[in-house]
Q: 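I have a structure I would like to understand better, so I am pasting it below and will then ask my questions one at a time.
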Amino acid sequence: MNAVTPTDFRAARRIAAMGVSEILQITFRASAMKRAGEDLIVLGAGEPDFDTPGHVKDAAAKAMREGATKYTPLDGTPELKAAIIAKFERDNGLSFCPDEVTAATGGKQILFNAFMATLDPGDEVLIPAPYWTSYADIVLICGGVPVIVPCAEAEGFRLQPAALNAAVTPRTRWLLLNSPSNPSGAGYRAEDLQGLAAALECHPGIWVLSDDMYEHILYDGVPFATMAQASPALRGRTLTMNGVSKAYAMTGWRIGYAGGPSALIKAMAIVQSQSTSCPSSISQAAATAALEGPQELLAERRASFQQRRDLVVNGLNAVPGLRCPMPIGAFYAFASCEGVIGRRGPNGTPILSDRDYCAYLLNEAKVAVVPGTCFGLAPYFRVSYATSEAELVEAVARIAMATGRLQGG
Ligand code: PLP
């Protein structure tokens, strides 16, 4: 079959400067190598390797059989909204009315809806780095300007009030917080959030988007904290976002949700009404069951992730040249490769950046990881440990072996 040659194609300015996400490119390249028969371990994916719980699948099948196959109310069925409200009350001590919560096609669509509904061209969104790569591109697509604020490892990869103040301009509309964080696994305690809230008191026009997607993947008994709860004074300008993708291993079902002031929720519904009309009716039934059903599995899965975290972080820290801070949540390790920069591979190729090091690991160790540059902070690399312990043991051994073969430094 011949491919059609596009004539005169021109991408819109809003996406012309954007490539396909580098994480996806690494994943595609790794998948192609795997298909070609290479024995590759891919630690790039951002999804749990567990299955969606059985009772959630049953609820979806029942909904389908009982005719829940039509459009639903715009931003969530009454049942899902009730489950979201109960979840916020149970887990976060936050009370919302139905017109203060919204459901969308994944957490990603919540971000799109919020930024589409609020950003005028040139409006700025503060994004502490390292950050989930999609944030910057979503802001750009919505006509905003991502303002990246680097957060050093020495500060636990957490935004400090002074750095926040320094980054604010008259165009700042939002501060985007993500805790526990993809990619660093770092998290904010209530007192950290209160420090940021105190700084925000001087900037009443700035709203906070709290991405709590990894709320339930938090280790060592660290209590979860979110801005609207830590600082009730900011509730009137905070959107608290969450979803079922990571907590309940439901990435493919595509349900995210949020709670916030009704004026914002209403504006987000207008955006959604002209994009997807509503999230999938069947997925909404599944998400309702996930939020309302037994929650014990969260602790079981957390324990399993914590074991994998320890394995990976301790393994990486034993490799001369690497340094990996202990993450408190999510399923990512964010390690520094500063110590190997300037070394050379066995064939003389210099390692000049985290990108070079990750390319070296892909080619020499047959392990795919993602350079910190993709997340706005170098020289680091992200390891997703949402895979089996056996594979992680092998991956760490390969990384150690390949890094040991680097010369110089
Ligand atoms: N927020 C963070 C920090 C994420 O890592 C992800 C997914 O990787 C999302 C939001 C989006 O999740 P969803 O699958 O619900 O769109």
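Whatever order the structure lists ligands and atoms in, that order sets their numbers, starting from 1. The structure presented is a predicted model; accordingly, all values stated were derived computationally and were not measured. Along the sequence shown, residues carry numbers from 1.
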Q: Assign the ring pair Y131 / Y135 to parallel, tilted or perpendicular, where the plane angle (0 to 90°) is split at 30° and 60°.
A: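 Aromatic pair Y131/Y135 classed parallel.
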
Q: Just jot down the side chain to side chain donor-acceptor pair (under 3.5 Å) partners of S275, sequence neighbours excluded, or say none.
A: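 Applying side chain to side chain donor-acceptor pair (under 3.5 Å) to S275 gives Q109.
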
Q: Anything under 3.5 Å between an N or O on ligand 1 and a protein N or O? List each pair with its distance, or write none.
A:
from     : atom 1 : to   : atom 2 : distance (Å)
ligand 1 : 1 (N)  : D211 : OD2    : 2.5
ligand 1 : 5 (O)  : N182 : ND2    : 2.8
ligand 1 : 5 (O)  : Y214 : OH     : 2.8
ligand 1 : 8 (O)  : K246 : NZ     : 2.7
ligand 1 : 14 (O) : S245 : OG     : 2.9
ligand 1 : 14 (O) : R254 : NH1    : 2.8
ligand 1 : 15 (O) : G107 : N      : 2.7
ligand 1 : 15 (O) : S245 : OG     : 2.9
ligand 1 : 16 (O) : G107 : N      : 3.1
ligand 1 : 16 (O) : K108 : N      : 3.1
ligand 1 : 16 (O) : R254 : NH2    : 2.8

Q: When you compare the side chain of E389 with that of L311, does any pair of heavy atoms fall below 4.5 Å?
A: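 Yes. Closest side-chain heavy atoms under 4.5 Å.
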
Q: Is K57 salt-bridged to D51, going by a charged N under 4.0 Å from an acidic O?
A: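 Here K57 pairs with D51 in a salt bridge, since their nearest N and O are under 4.0 Å apart.
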
Q: Relative to each other, are the rings of F334 and Y380 parallel, tilted or perpendicular (30° and 60° limits)?
A: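 Rings of F334 and Y380: parallel, as their planes differ by under 30°.
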
Q: Do any N or O atoms from the side chain of D211 and from the backbone of L177 form a donor-acceptor pair under 3.5 angstrom?
A: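 No: the side chain of D211 does not pair with the backbone of L177.
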
